[in-house]
Amino acid sequence: MKIFLDTANLESIRKFNDMGLLDGITTNPSLMSKEGGNPKDAMEEITKIIKGDVSLEVVSTEYSGMMEEGKRLRQYGKNVVVKVPMTPDGLKACKSLSSEGIPVNVTLIFSANQALLAAKSGAKYVSPFIGRLDDVGQDGMKLIEDIKEIFENYPDFKTQILVASIRHPVHVVDAAKIGADVVTLPPAVLDKMLEHPLTKIGLENFLADWDKLKSQNPDIKI
Ligand code: E4P
């Protein structure tokens, strides 16, 4: 399963990329707005740091505007995936951009039918938002299971399931068990995945024991 980071924060992107954990990045207008500044600078920098797919989202809501923005976004790098919303115009733009060889991520997917239609339009990725479904009392992970089952029934679909709106590490384990292609994670979730209290305690004990040994042999080194 690929891991994308769901952020426009350069510090977090560099931090996790240096650990070799990142296969790509997803952004959206809210994440750009959270960072402030000129989004052009962020988009330029992110596409330089990350070699894998970087989803950059259009803000137009009609077809021609999406096409223009999609082509402009693509100028940031060959690894740019144009993110369009799950609307009739979004799917029309998805079809046109995909047929021109520009990969598309269809975002704001909340049902299996929407995922099916986005795949038919040629999307490289569909982004089902599981946390937002959980928030309104629906089972977000069940949607991932349904989409996975549908896509497996039709091997001609090459569309990848990019699990979005992830809230905690259990979502990640569940998505991996289902066999989702990609999870996109807020930096805080990736931080939590790195940690375990027994790792911390274990390391403290190793270092304390080493200190005891060192007090008897002050010159030892590893
Ligand atoms: C995905 O591409 C979206 O940017 C993101 O996962 C949305 O998550 P949220 O529901 O936490 O805003």
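In each ligand, atom 1 is the first atom listed, and ligand 1 is the first ligand listed.
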- prompt: Would you say Asp6 and ligand 1 have an N/O pair spaced under 3.5 Å apart?
  reply: yes

query: Quick one: which ligand 1 atoms are inside 4.0 Å of a heavy atom on Arg132?
result: 7 (C), 9 (P), 10 (O), 12 (O)

Heteroatom proximity flag, Thr107 to ligand 1, N/O under 3.5 Å: no

query: Counting from 1, what ligand 1 atoms have a heavy atom of Ala164 closer than 4.0 Å?
result: 1 (C), 6 (O)

statement: Closest heavy-atom pair, Val163 versus Ala180, reported as atoms and distance to 0.1 Å, is CG2-CB, 3.5 Å

message: Can you confirm, on distance only, whether ligand 1 has an N/O atom lying under 3.5 Å from any N/O atom belonging to Ser127?
response: no

- prompt: Do you know the tightest heavy-atom contact between Asp6 and Pro187?
  reply: O-CD, 4.1 Å

message: Would Arg167 count as a contact residue for ligand 1, given that I'm defining contact as a non-hydrogen atom of the residue lying under 4.0 Å from a ligand atom?
response: yes

Ionic contact status for Arg14 with Asp18, cut-off 4.0 Å: no

- line: The protein heavy atom nearest to atom 7 (C) of ligand 1 is Phe129 CE2, 3.5 Å

- prompt: Should Asp23 and Lys51 count as an ion pair when the cut-off is N to O under 4.0 Å?
  reply: no

Whether over 12 other heavy atoms sit under 6.0 Å from Lys148 NZ: yes

query: Which protein heavy atom lies closest to atom 4 (O) of ligand 1, and at what distance to 0.1 Å?
result: Asn28 ND2, 2.7 Å

message: By the definition salt bridge (Lys or Arg N to Asp or Glu O under 4.0 Å), identify the one residue from Asp135, Asp174, Asp134 that meets it with Arg167.
response: Asp135

query: Within the structure, does Lys83 bring an N/O atom to less than 3.5 angstrom of an N/O atom in ligand 1?
result: yes

task: Starting from atom 8 (O) of ligand 1, find the nearest protein heavy-atom neighbour and note its residue, name and distance.
output: Ser165 CA, 3.4 Å

field: Salt bridge present between Lys40 and Glu44 (N-O < 4.0 angstrom)
entry: no

